[in-house]
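Read through the structure below, which is laid out as structure tokens, and then see the notes.
In each ligand, atom 1 is the first atom listed, and ligand 1 is the first ligand listed.
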Amino acid sequence: MQKFTGLCKPAALALLPLCGALSFMPATAQTPPPAAPVVKYDLTYDIISPVYAKNGMVATEQELATKVGVDILKKGGNAIDAGVAVGFALAVVLPNAGNIGGGGFMMIHDAKTGKNVALDFREMAPQRATRNMYLDDKGNVVPGRSLYTHLAVGVPGTVAGLTHALSKYGTMKLSQVIQPAIELAEKGYPVSPSLALILAAEREHLGQWDSSKAIFFKDGRPLQAGEMLVQKDLAKSMRLIAKQGAKAFYDGAIAKKIVAEMDKHGGLITADDLKNYKVVERVPVTGNYRGYEVMSMPPPSSGGVHIIQMMNILERYPLKQYGADSAQTIHLMAETMKLAYADRSEYLGDPDFTKVPVKGLTSRAYADELAKKINPDRATPSSEIKPGQPQPYESDQTTHFSVADKDGNLVATTYTLNLNFGSGIVATGTGITLNNEMDDFSAKPGVPNAFGLVGGDANAVGPYKRPLSSMSPTFVLKDGKPFLVTGSPGGSRIITTTLQEILNVIDHDMNVAEATITPRIHHQWAPDQLRVEKGLSADTIKILQDKGQKVSVQPSMGRTQTIQIKPDGFYGFSDPRNPDGRTIGF
Ligand code: GLY
């Protein structure tokens, strides 16, 4: 990293000629006058700087949604008000991942009480869901059934989650925070080049359903960049929610339309399933890393457990000394990731149905045991493990946003439809795109899901069960005070992306912009493959290969939205891997 330090450091590079000129002044024979006090400029330039603001900050994957959140903060709303407004706005302006037909997790730090809450609004399997519902008569997984059919849809949790957060931790009325989303849906907005690319890629899935085509297609093809995306039905649904609250969605006009959609196409969700949907407030999973308190989402997410498990292992290595992009740091991270993801496949599932050994997985004693398996010089092959198929999981279909306000409240939310546009099915007459979160269950032990992840009994399909997730909205506290809010989309790579964002700040002294742009790596144990982003040097890759790592250079991984809280204000950064993302403060 390039830094300018010391005497005559320029406030701008334009000053450099002056420094040069001074050092070549001719000497005189006379006694020199007493030396003038030396002015030391203590300016340090980082390679890239985050956004700075004094009063509050919002980081999301879509500028229009970021603006909605910042407007709410400016009007006096707290981080939760802004977070809920952003959640509804993203359902309109990031329609491939933002949603009210999906589910997710929101971490909340309530400054007044100091309480940290992990809000679980993950989708639930319908009551009629069965363990083998994605298998054929021969016991083989039917391709696509858990992804692009009405059977793929879990009971959505987003509306219940956002309204719960607002009523318990917010200060504004639902009608106030949802209004900007209604207006964006009603008036429309121009499709960005990146959304146009996603729409084109999902043409086949969206094109199967008239209800989806009516919104996302024009003249028989997906909307293109610059064309307006207007969502009148979605605006109508949101207006109902604004008036009647979550009841409209779970036990009202919207519920009726969702059930009609299911009945018509062989889906399983019933009126009772919607009525029975429950938000759960869980206790965050916590750990300590080099003096920082880390807290993140507990099961049914695997994210928090494995971030802390990996930190417990990695803390014993001098990563700072090895360097951020060094082969040694990457090797140790990869070996650690393998161990964590191996445990994920065995032990993680919905804690309301399966005993998940969270304490053990996050204990330091267990980390000591696991660390003994790591050879710092050689990669341990995952050969005895059934390898996963390299799957088309190279895009980041979930979305994360972070909010921080001047009073110290924090919100970190990751929510999703699962894959881009979820099942591709819009429930007729609602404008609401339905998730395909059921694919996050393990359809059959050892058979990988869309993210190449394998699982077993703990994550088998079951009525009212929540599928295992990797979503990792995370806070880091220092001396009990907020320090970092972060998280990412990226399927199975969410956990490792979030881990690296934090390590880059804590271990490698990076600001959040640098921490974000640094090339990422990922290993998930099966398949036995170390994925690295473009940007890693050829000789680093060679050293990794010499250690036995099976390196595969991949397109970008993850898209973090991070805010760092310092005594002088907020420093945030939206991952440039998504050009539509924006961090704004005021
Ligand atoms: N659907 C991706 C996840 O929850 O991990």
Using a 4.0 Å heavy-atom cut-off, say whether R493 meets ligand 1 through its side chain, its backbone, both or neither.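 Neither; no heavy atom under 4.0 Å.
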Under a 4.0 Å heavy-atom limit, does E437 contact ligand 1 with its side chain, its backbone, both, or neither?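 For E437, only side-chain atoms sit under 4.0 Å from ligand 1.
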[Y] and [X] side chains, donor-acceptor separation under 3.5 Å:
| X | Y | answer |
| --- | --- | --- |
| T474 | S296 | yes |
| E261 | H150 | yes |
| S492 | R344 | no |
| T560 | S488 | no |

Atoms in ligand 1 flagged as close to [X], the criterion being non-hydrogen separation under 4.0 Å:
| X | result |
| --- | --- |
| M471 | 4 (O), 5 (O) |
| N418 | 1 (N), 2 (C) |
| R122 | 4 (O) |

Could you tell me if any non-hydrogen atom of Q397 lies under 4.0 Å from any atom of ligand 1?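 No; Q397 lies far enough from ligand 1 that no heavy-atom distance drops under 4.0 Å.
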Starting from atom 5 (O) of ligand 1, locate the nearest protein heavy atom and write down its residue, its atom name and how far away it is, to 0.1 Å.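 In this structure, atom 5 (O) of ligand 1 has S470 N, 2.7 Å as its nearest protein heavy atom.
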Nearest neighbour in protein (non-hydrogen) for atom 4 (O) of ligand 1: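 The closest heavy atom on the protein side is S469 OG, 2.7 Å.
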Centroid-centroid under 6.0 Å between F353 and Y464 rings: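 No, ring centres 6.0 Å or more apart.
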Would you mind checking if R577 and D575 are paired as a salt bridge, meaning a charged N to carboxylate O distance below 4.0 Å?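 Counted as a salt bridge, because a side-chain N and a carboxylate O are separated by less than 4.0 Å.
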Answer yes or no: is there an ion pair linking E61 with R582, defined by an N-O contact shorter than 4.0 Å?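 No.
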Option of least heavy-atom distance to atom 2 (C) of ligand 1 (set: D440, T416, L468):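 Nearest option to atom 2 (C) of ligand 1, by heavy atoms: D440.
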